[in-house]
Amino acid sequence: MNRCWWCGTDPLYVRYHDEEWGAPVTDDRRLFEKICLEGFQSGLSWLTILRKRDNFRAAFADFDFERVARFTARDVARLLEDDGIVRHRGKIESTINNAKRALELRAEQGSLASYFWGWEPDAASRPKRITRAALTQMATSPASVALSKDLKKRGWTFVGPTTVYAFMQAMGLVNDHVETCERRAAVEKLRTLSRRASVL
């Protein structure tokens with residue numbers, strides 16, 4: 001199977017590429033999980049975070065943001081002792097802060113999905129062909145810069161434009177599987193079905 005180059009041959013990474021990356025996600029908890037884990041990934045490889053993802057889920061109440069928003073200093077201390085996750089105080093506290101901001105956003109927008117999918121870029125603004133060369137030059141996009149700015153204005157942290165673009169790629173707001181990747185057409189079909197479902 002022809003795949004995007006970045007997943008290499010690691011079985012976990014290949015499975016993530018084949019089954020998750022780029023498929024549209026509209027579940028609020030999974031959206032919250034991903035934007036938090038992208039923050040934890042900053043300065044590290046995504047594979048490092050992927051290998052620890054189950055530990056992160058256990059540590060952060062499966063990213064139920066209602067529960068995470070109630071975490072206290074005692075929880076921060078507990079998490080700093082958990083060697084199954086990335087023990088970075090700033091990122092841990094950011095996740096708790098962002099859970100509170102997620103509750104505010106859901107109250108305003110109805111769901112995180114309705115908010116985040118409102119930032120899906122117009123097809124005309126995207127490169128005509130998605131190639132390895134194009135993607136290596138595209139760590140951010142105008143949409144990720146704008147979304148990052150809006151999130152920061154709302155009090156979210158660890159949501160820079162590069163982090164947000166990686167989030168958009170993974171959650172299917174854009175389809176960045178390269179043209180030669182056999183997964184690209186399947187993801188595009190899922191994105192089309194997701195748009196139709198949102199209209200109904």
Side-chain angles (χ1 to χ4, degrees), residues 20-43 46 49-50 52-53 56-76 79 85-86 88-123 125-126 139-176 187 190-191 193-200:
E20 295 186 51
W21 194 77
V25 174
T26 56
D27 178 82
D28 278 4
R29 192 180 295 192
R30 296 283 75 90
L31 289 164
F32 178 70
E33 171 187 283
K34 183 60 176 175
I35 203 160
C36 292
L37 290 181
E38 287 293 349
F40 273 101
Q41 186 265 330
S42 181
W46 174 246
I49 302 301
L50 192 59
K52 293 176 177 286
R53 185 167 63 173
F56 273 106
R57 287 172 173 169
F60 285 97
D62 199 26
F63 289 94
D64 178 343
F65 48 91
E66 289 187 5
R67 292 177 61 188
V68 176
R70 296 194 296 269
F71 278 17
T72 64
R74 183 175 295 179
D75 291 293
V76 174
L79 292 165
I85 67 170
V86 175
H88 184 292
R89 179 181 290 274
K91 294 176 181 180
I92 290 168
E93 292 177 341
S94 172
T95 300
I96 299 168
N97 169 74
N98 290 349
K100 296 172 183 176
R101 306 292 79 79
L103 290 173
E104 295 167 354
L105 191 57
R106 186 179 65 182
E108 177 189 327
Q109 300 281 337
S111 68
L112 299 192
S114 63
Y115 171 76
F116 283 121
W117 279 93
W119 294 92
E120 181 184 9
D122 185 85
S125 70
R126 302 279 297 146
T140 67
S141 71
S144 81
V145 171
L147 174 52
S148 170
K149 183 177 180 180
D150 192 69
L151 286 168
K152 289 178 180 178
K153 185 173 69 175
R154 295 171 179 275
W156 292 63
T157 52
F158 280 90
V159 286
T162 301
T163 294
V164 168
Y165 191 64
F167 166 82
M168 295 174 76
Q169 289 176 307
M171 298 290 94
L173 276 76
V174 295
N175 183 359
D176 275 355
V187 163
L190 290 170
R191 281 164 44 79
L193 291 172
S194 181
R195 286 192 206 98
R196 288 175 181 168
S198 68
V199 171
L200 297 176

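What you are looking at is a predicted structure, and each value in this text was computed from that prediction instead of being measured.
Summarising the geometry of Arg89 relative to Val76, their closest heavy-atom pair is NH1-CG1, 3.6 Å, with the distance given to 0.1 Å. When every heavy atom of Ala23 is checked against every heavy atom of Leu190, the shortest pair comes out as CB-CD1, 4.1 Å. Summarising the geometry of Ala69 relative to Ala99, their closest heavy-atom pair is N-CB, 3.5 Å, with the distance given to 0.1 Å. Considering every non-hydrogen atom in both Arg29 and Ala61, the closest pair reads NH1-O, 4.5 Å. Among all heavy-atom pairs drawn from Lys91 and Phe40, the shortest one is NZ-O, 3.1 Å. Minimum heavy-atom separation, Leu173 to Glu120: O-CG, 3.4 Å.
A salt bridge links Arg126 to Asp176: one of the charged nitrogens lies within less than 4.0 Å of a carboxylate oxygen. By the 4.0 Å N-to-carboxylate-O rule, Glu33 lies close enough to Arg57 to be salt-bridged with it.
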**Request:** Check the pair Glu108 / Arg154 against salt bridge (charged side-chain N to carboxylate O under 4.0 Å, His left out), numbers first and verdict last.
**Result:** CA-CA 11 Å; Glu108 177 189 327; Arg154 295 171 179 275; 2.8 Å; yes

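In this structure, Thr26 contributes its side chain and Ala113 its backbone to no donor-acceptor pair below 3.5 Å. Of the possible donor and acceptor atoms, none in the side chain of Asp150 sits under 3.5 Å from a partner among the backbone N and O of Leu147. Distance alone, capped at 3.5 Å, places no donor-acceptor pair between the Thr162 side chain and the Thr140 backbone. Within the 3.5 Å criterion, the main-chain N or O of Gly155 finds a donor-acceptor partner in the side chain of Asn97. At distances below 3.5 Å, at least one donor-acceptor pair connects side-chain atoms of Asp64 with backbone N or O atoms of Glu66. One N or O on the side chain of Ser148 and one on the backbone of Val159 form a donor-acceptor pair closer than 3.5 Å. Here the side chain of Ser114 pairs a donor or acceptor atom with the backbone of Gln109 at under 3.5 angstrom.
Ile96 CD1 to Leu79 CG: the interatomic distance, rounded to the nearest 0.5 Å, is 6.5 Å. Between atom CZ of residue Phe116 and atom OG of residue Ser111 there is a gap of 10.0 Å, rounded to the nearest 0.5 Å. With rounding to the nearest 0.5 angstrom, the CD atom of Gln41 is 14.0 Å from the CZ atom of Phe167. Thr95 contributes atom OG1, which lies 11.0 Å from atom NE2 of His88 (distance to the nearest 0.5 angstrom). Atom CZ of Phe65 and atom CD1 of Ile35 lie 12.0 Å apart (nearest 0.5 Å). Rounded to the nearest 0.5 Å, atoms CG (Asn98) and CZ (Arg101) are 8.0 Å apart.
Taking 4.5 Å as the limit, some side-chain heavy atom of Trp156 sits within range of a side-chain heavy atom of Leu105. In this structure, the side chains of Lys34 and Val25 stay at 4.5 Å or more apart for every pair of heavy atoms. Looking only at side-chain heavy atoms (C-beta outward), Phe158 and Thr163 stay at 4.5 Å or farther from each other.
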